[in-house]
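Accompanying notes for the structure given below.
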Protein chains: 4
Amino acid sequence: MQSRTPVGRAGRPRSAAADTAILAATRQALVELGWSKLTLGDVATRAGVAKTTLYRRWAGKNELVVDAVAELFAELELPDRGSLAADIEGVVLQFAAILALPEARSGLMAVVAESTRDEALRARIRASIVEPQKHLVLEGRTRAQTRGELPPETDPDSSARTAELIFDVIAGAVVHRALVSSEPVDMDWSRDFTRLLLNGLTSPPTT
Amino acid sequence: MQSRTPVGRAGRPRSAAADTAILAATRQALVELGWSKLTLGDVATRAGVAKTTLYRRWAGKNELVVDAVAELFAELELPDRGSLAADIEGVVLQFAAILALPEARSGLMAVVAESTRDEALRARIRASIVEPQKHLVLEGRTRAQTRGELPPETDPDSSARTAELIFDVIAGAVVHRALVSSEPVDMDWSRDFTRLLLNGLTSPPTT
Amino acid sequence: MQSRTPVGRAGRPRSAAADTAILAATRQALVELGWSKLTLGDVATRAGVAKTTLYRRWAGKNELVVDAVAELFAELELPDRGSLAADIEGVVLQFAAILALPEARSGLMAVVAESTRDEALRARIRASIVEPQKHLVLEGRTRAQTRGELPPETDPDSSARTAELIFDVIAGAVVHRALVSSEPVDMDWSRDFTRLLLNGLTSPPTT
Amino acid sequence: MQSRTPVGRAGRPRSAAADTAILAATRQALVELGWSKLTLGDVATRAGVAKTTLYRRWAGKNELVVDAVAELFAELELPDRGSLAADIEGVVLQFAAILALPEARSGLMAVVAESTRDEALRARIRASIVEPQKHLVLEGRTRAQTRGELPPETDPDSSARTAELIFDVIAGAVVHRALVSSEPVDMDWSRDFTRLLLNGLTSPPTT
DNA sequence: CTTTAACCGAGACGGTACGTCGCGTCTTGTA
DNA sequence: TACAAGACGCGACGTACCGTCTCGGTTAAAG
């Protein structure tokens with residue numbers, strides 16, 4: 001009757017626990033059902049939450065799955081294994097381990113597919129999942145330069161372009177091997193791939 | 001493609017025109033609506049065909065879209081441009097041109113996503129879309145060996161493994177650049193990528 | 001592919017049994033739940049029918065309940081009990097018996113309430129429920145005139161107006177007694193009411 | 001009307017203005033939306049009040065609307081127009097005028113419909129809306145007896161029964177004419193009805 | 001040149017999920 | 001203790017597609 005909202009917050013605050021429960025439930029549903037049979041009603045039930053609560057926080061299935069999958073990739077890091085080749089092999093295997101998780105396989109490609117017609121979704125995927133991994137390439141290069149395995153950068157523009165290129169090559173090759181060719185990304189493949197990346201086609205493999 | 005009226009059977013044969021019309025309608029719907037909003041009822045209407053006719057020939061949306069998209073990739077070939085580098089750049093640009101088509105972008109990734117939980121679908125995608133392109137790698141290598149740009153094969157096992165690896169690297173990198181990073185696969189990128197593939201990281205680009 | 005719809009009917013015809021089952025299920029739900037807790041989903045389940053089938057045939061809850069209730073009133077008739085007074089008493093008791101059914105009580109008033117803001121619904125109620133009963137008044141009057149209990153009509157306009165008036169008085173009084181005052185419409189009340197209707201207030205009851 | 005802060009209670013007292021604002025908002029919403037589309041959240045907003053405040057005072061939509069509608073009928077009275085017939089015609093027209101208000105039409109029948117399955121609601125309607133009007137019948141009869149238009153009462157039981165009967169006949173007929181037959185309750189109809197009520201069917205109208 | 005079996009269009013059917021809306025309750029901070 | 005604000009669990013809404021099932025009508029190869 002008198003009102004006058006004095007400052008920022010009014011009303012009951014959103015439950016922080018709900019977010020956690022919903023994202024976990026989403027991953028569980030991805031494992032059991034896969035992307036296309038996952039329903040938001042089912043996720044809500046698993047999370048012990050009402051469907052409306054879910055819709056209040058995410059615009060739809062796509063956005064929800066992006067967030068759920070992003071948490072899986074957040075743990076990637078670049079351990080120092082002593083040489084550039086060993087560092088690359090290590091990160092390739094880590095990446096492959098994540099792609100072996102059903103919740104990642106099913107969810108990741110589906111949102112990428114959806115993003116071909118939705119610029120906002122594409123941006124969200126890049127911001128939440130892809131960009132945060134690019135530091136791996138930059139760190140790896142800096143470390144290799146420190147070791148003297150790679151020459152220092154001269155042209156900053158070329159430097160950035162090359163980093164992007166390497167990222168696309170590594171990420172693309174691993175994803176294609178794992179999800180399209182459907183063959184294992186194991187230590188053998190990782191070694192072959194790394195040798196190709198470092199030496200190129202014209203320096204023949206020395207198997 | 002998938003049906004063919006059984007031999008020596010009485011009764012009215014299936015309309016051949018229907019197959020063509022349905023696949024064309026599917027691609028048109030992919031362009032206008034994208035995978036997730038494409039409905040089989042709508043495809044049937046566009047094709048001037050009853051829903052039953054469609055279901056008599058395809059098991060579902062996934063199988064239909066695989067066939068519709070496969071026809072897009074069937075036209076890829078390896079023109080002889082005089083050098084291994086030029087051949088690779090050429091095929092990369094051709095591949096990118098197909099991935100620029102909305103019906104390919106939207107459909108391809110979606111069926112790959114679905115295939116993460118459906119072995120039969122995965123096999124169908126490989127048989128219809130992926131495997132037919134591998135000859136590009138084999139032809140390119142043979143041609144390069146003839147030219148003396150690459151040494152001849154010694155170990156047949158290593159030879160096959162390397163071909164698979166190169167295929168995953170090329171296809172994966174282009175797809176990742178085009179659909180995930182969402183950056184253009186143009187002549188510049190194609191040249192950078194080919195140089196990396198041929199020379200490797202440790203032979204620095206000479207831009 | 002060839003088509004040319006030759007004549008009237010195409011496609012699978014609607015199930016006649018479904019209509020019957022749906023209306024019966026509606027009345028059962030009215031008995032158990034009442035108007036406001038009746039849901040179309042529940043009616044569909046009771047009828048062993050999909051919700052879509054129900055919506056294909058009725059625009060909404062209102063229209064459905066009108067049809068379901070109309071069948072209850074369809075059985076009203078005017079038995080010849082020998083005198084105008086006896087005839088009126090008989091029809092009043094019949095009417096009251098229907099209003100004693102929970103499915104009639106709950107449904108009838110609710111759709112009348114809804115109809116106060118929906119001209120189409122109001123017309124449907126009149127056409128399906130109300131108008132079909134007016135012949136009771138006309139038959140009763142004709143019969144009474146034949147018996148010499150009432151004078152023959154002179155002015156056709158006045159005749160119609162009076163019939164409408166009598167209908168409103170009888171129907172209104174019984175409904176009000178049963179549903180608003182919530183008192184029994186039994187033989188005593190029926191007799192009192194009939195005496196008032198025939199003799200008026202100024203000819204005092206001779207109880 | 002229904003609440004009243006308990007005596008001798010600590011804490012902030014309930015706002016009296018809120019009750020008024022809520023009931024007015026309810027009537028306004030009945031006019032604009034009708035019973036079935038009226039929502040308590042909307043009423044609260046219109047009244048400038050939180051939903052909790054509303055629920056603290058009324059159990060639900062039914063109770064709220066009964067109170068809102070009751071205020072409309074509270075103003076009915078029996079002006080002395082000189083004769084029994086004129087008095088009846090006057091009260092009939094007054095009653096009809098209220099039933100012409102959208103907030104009364106829509107609200108009244110709806111709560112009556114709801115009351116068919118809710119004894120407490122039925123009692124509330126009678127206590128708040130119906131019973132307070134019965135004095136009109138009693139006053140009218142007394143006045144007519146004073147004038148000599150009607151004989152004095154002899155049997156108190158019969159007297160009460162007749163008053164109830166007349167009330168049901170008048171209220172029922174007017175409601176049926178206005179809401180079901182959906183015809184105007186104007187001076188002509190009022191005169192016809194009054195003549196029938198006073199003289200009965202067998203004393204033919206002298207139009 | 002007729003069978004006759006499979007085809008075809010249309011569209012109704014039993015389902016499932018959608019995304020929204022209102023309910024009545026609760027949890028905040030402020031008065 | 002009341003109050004405004006608004007999140008919450010719940011359940012129904014009406015719609016859209018799914019994949020299946022009648023229908024009546026057609027069409028080409030087999031008899």
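Note that the coordinates shown come from a computational prediction; the quantities given were computed from them, not determined experimentally. A note on names: the letters A, B, ... follow the listed sequences, proteins ahead of strands, and every chain is numbered from 1.
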Nucleotide N/O to protein N/O under 3.5 Å, stretch nucleotides 25-28 of chain E:
residue : atom : partner : partner atom : Å
E/dC26  : O2   : A/Arg12 : NH1          : 3.2

* Structure fact -> Among F/dG14, E/dC13, F/dC18, the one nearest any side-chain atom of C/Leu40 is F/dG14

* Take D/Lys61 and C/Ala50, find for each the nucleotide of DNA chain E with the closest heavy atom, and name the residue whose nucleotide sits nearer the 5' end. =>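 Its nearest nucleotide lies further toward 5', so the answer is C/Ala50.
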
* Please tell me which of A/Arg56 and C/Ala16 maps to the more 5' nucleotide of DNA chain E, matching each residue to the nucleotide holding its nearest heavy atom. => C/Ala16

May I have the distance from [X] (atom [atom1]) to [N] (atom [atom2]), rounded to whole angstrom?
| X | N | atom1 | atom2 | answer |
| --- | --- | --- | --- | --- |
| B/Trp58 | F/dG19 | CH2 | P | 15 Å |
| C/Leu54 | F/dA12 | CG | C1' | 14 Å |
| A/Leu38 | E/dG19 | CG | P | 11 Å |
| B/Lys37 | E/dC18 | NZ | C1' | 12 Å |
| D/Asn62 | E/dC23 | CG | P | 12 Å |
| D/Leu33 | E/dG22 | CG | C1' | 13 Å |
| B/Arg14 | E/dA5 | CZ | C1' | 14 Å |
| A/Arg57 | E/dG19 | CZ | C1' | 17 Å |

* So, B/Arg46 and B/Asp42, do they make that salt bridge, N to O below 4.0 Å? -> yes

* Run the salt-bridge test on B/Glu71 and B/Arg27 with the 4.0 Å N-O cut-off and return the result as yes or no. =>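 Yes, B/Glu71 and B/Arg27 are salt-bridged.
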
* Asked: OP1 or OP2 of F/dA4 less than 4.0 angstrom from a side-chain nitrogen or oxygen of D/Thr53, does that happen here?
  -> yes

* **Any B/Thr39 side-chain N or O less than 4.0 Å from OP1/OP2 of F/dC17** => no

* Structure fact -> In terms of heavy-atom contacts, D/Arg117 and C/Glu32 come closest through NH2-O, 3.2 Å

* Looking across every strand, which nucleic acid part, if any, lies under 4.0 Å from D/Gly60 by heavy atom: base, sugar-phosphate, or nothing? -> nothing

* Asked: Taking B/Val69 as the fixed residue, which of B/Leu101, B/Leu64, B/Leu30 is the one that meets the side-chain contact (heavy atoms from CB on, under 4.5 Å) rule?
  ->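 Only match with B/Val69 under side-chain contact (heavy atoms from CB on, under 4.5 Å): B/Leu30.
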
* What residue among C/Val112, C/Thr116, C/Asn62 forms side-chain contact (heavy atoms from CB on, under 4.5 Å) with C/Leu121? ->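 Checked C/Val112, C/Thr116, C/Asn62 against C/Leu121; only one passes side-chain contact (heavy atoms from CB on, under 4.5 Å): C/Asn62.
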
* Structure fact -> Ranking B/Asp42 and A/Ser15 by the position along DNA chain F of their nearest nucleotide, the one closer to 5' is A/Ser15

* Of C/Gly41 and A/Val49, the one whose closest DNA chain F nucleotide lies more 5' -> A/Val49

* A/Arg57 and its side chain to side chain donor-acceptor pair (under 3.5 Å) partner, picked from A/Asp19, A/Thr52, A/Asp67 -> A/Asp19

* Asked: Short question: side chain of D/Ser106, backbone of D/Trp35 - any donor-acceptor pair under 3.5 Å?
  -> yes

